[in-house]
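Notes follow once the structure below has been shown.
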Amino acid sequence: VWAEVNLKFVQDQQIKIARRFSGGGAVYHDPGNLNLTFIETDQIMQTDKYTIQIMNFLKTLGVHVEVDERKGLTIGGFKISGSAQSIHKNRYMHHATLLFSTDLDTEKTGGKRSTFVKSVRSPVTNISAHLPASISIQHFKKALLYYFTINNPGIQDYYFTQADLEAIYRLKEQKYATASWNF
């Protein structure tokens, strides 16, 4: 966080900092950025599996996407998606972001250049700017969910129970929302 985030800008703009369990570089999130997490019971990282599926989904919308050397997705050399993976408690997790209609000016202004930055900075663009027809982020989300549902047999909807929600809230308060975790 100290090397990758402009803390004064974040504080001035009242932007919250959250650290992913899977690590990876710093990413600016706003309502125009989709965050995806795929979880499987597996001890083998399948780093290409979901990247390729996201790429194929975008092709169905008429967007030509390429995979870069770091497994990020790009349009004309501009990054639209990055990912991070981890294995924890017999679960393989693949986290990915999709820049759909993110405020790219804030994303650029909030960044901090430092000799200690380990993530690779890339020029970015929004997917919405490359669609043949304008759609809302809500329509994009529904199409993405539908695509993954029909192309991955066995996927089932899961609705959190009240006990699930209470456990999630407790974990958030005790770990993921704490300064000791995020900083």
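The structure presented is a predicted model; accordingly, all values stated were derived computationally and were not measured.
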Gap separating the NE2 atom of H95 from the OG atom of S83, nearest 0.5 angstrom: 10.5 Å
Joint cluster assignment, I137 & I75, ILVMFWY side-chain distance < 4.5 Å: yes
Any side-chain heavy-atom pair of F38 and M93 under 4.5 Å: no
Donor-acceptor side-chain pairing of N35 and H29 below 3.5 angstrom: yes
Residues which pass side-chain contact (heavy atoms from CB on, under 4.5 Å) with Q14, listed by chain and number, not counting sequence neighbours: none
Sidechain-backbone polar pair: N33 side chain, L99 backbone, donor-acceptor under 3.5 Å: no
Between CD on residue E173 and CD1 on residue I168, distance to nearest 0.5 Å: 13.0 Å
Check: R91 and T41 side chains under 4.5 Å, non-hydrogen atoms: yes
Contacts of type ring pair (Phe, Tyr, Trp, His ring centres under 6.0 Å), residue H139, not counting sequence neighbours: none
Residues in salt bridge (charged side-chain N to carboxylate O under 4.0 Å, His left out) contact with E40, at least two apart in sequence or another chain: K49
Atom CD of Q11: over 12 foreign heavy atoms under 6.0 Å: no
Sequence-distant partners of S81, side-chain contact (heavy atoms from CB on, under 4.5 Å), two or more places apart: L73, A96, L98
Over all atoms of both residues, closest heavy-atom pair of T74 and K79: CG2-CA, 3.9 Å
Residues forming a salt bridge (charged side-chain N to carboxylate O under 4.0 Å, His left out) with K8, sequence neighbours excluded: D12
Atom pair CD1 (I54) and NZ (K59), whose distance is rounded to the nearest 0.5 Å: 13.5 Å
H88 side, atom NE2; S86 side, atom OG - distance, nearest 0.5 Å: 8.0 Å
Set of residues satisfying side-chain contact (heavy atoms from CB on, under 4.5 Å) with respect to I17, sequence neighbours excluded: V1, V5, L7, V10, N182, F183
Donor-acceptor pairs under 3.5 Å, side chain of residues 124-135 to any protein atom, not counting sequence neighbours: which ones?
residue: T125; atom: OG1; partner: H130; partner atom: NE2; Å: 3.0
residue: N126; atom: OD1; partner: S101; partner atom: N; Å: 3.4
residue: N126; atom: OD1; partner: T102; partner atom: N; Å: 2.8
residue: N126; atom: ND2; partner: T102; partner atom: O; Å: 2.9
residue: S128; atom: OG; partner: F100; partner atom: O; Å: 2.7

Check: T60 side chain, F57 main-chain N or O, donor-acceptor pair, under 3.5 Å: yes
R19 side-chain N/O to Y176 backbone N/O, donor-acceptor pair under 3.5 Å: no
Partners passing side chain to side chain donor-acceptor pair (under 3.5 Å) against S180 (at least two apart in sequence or in another chain): T178
Residues 62-69, side-chain donor-acceptor partners within the protein, below 3.5 Å, at least two apart:
residue: D68; atom: OD1; partner: R70; partner atom: N; Å: 2.9
residue: D68; atom: OD1; partner: K71; partner atom: N; Å: 3.0
residue: D68; atom: OD1; partner: G72; partner atom: N; Å: 2.7

Y169 OH to Q174 CD distance, which is reported to the nearest 0.5 Å: 10.5 Å
Side-chain atoms of residues 140-159: list all donor-acceptor pairs with protein atoms under 3.5 Å, sequence neighbours left out, distances to 0.1 Å.
residue: T149; atom: OG1; partner: L145; partner atom: O; Å: 2.8
residue: N151; atom: ND2; partner: Y147; partner atom: O; Å: 2.8
residue: N152; atom: OD1; partner: Q53; partner atom: NE2; Å: 3.3
residue: N152; atom: ND2; partner: Q53; partner atom: OE1; Å: 2.8
residue: N152; atom: ND2; partner: F148; partner atom: O; Å: 2.9
residue: D157; atom: OD2; partner: Y159; partner atom: OH; Å: 3.4
residue: Y158; atom: OH; partner: D164; partner atom: OD2; Å: 2.5

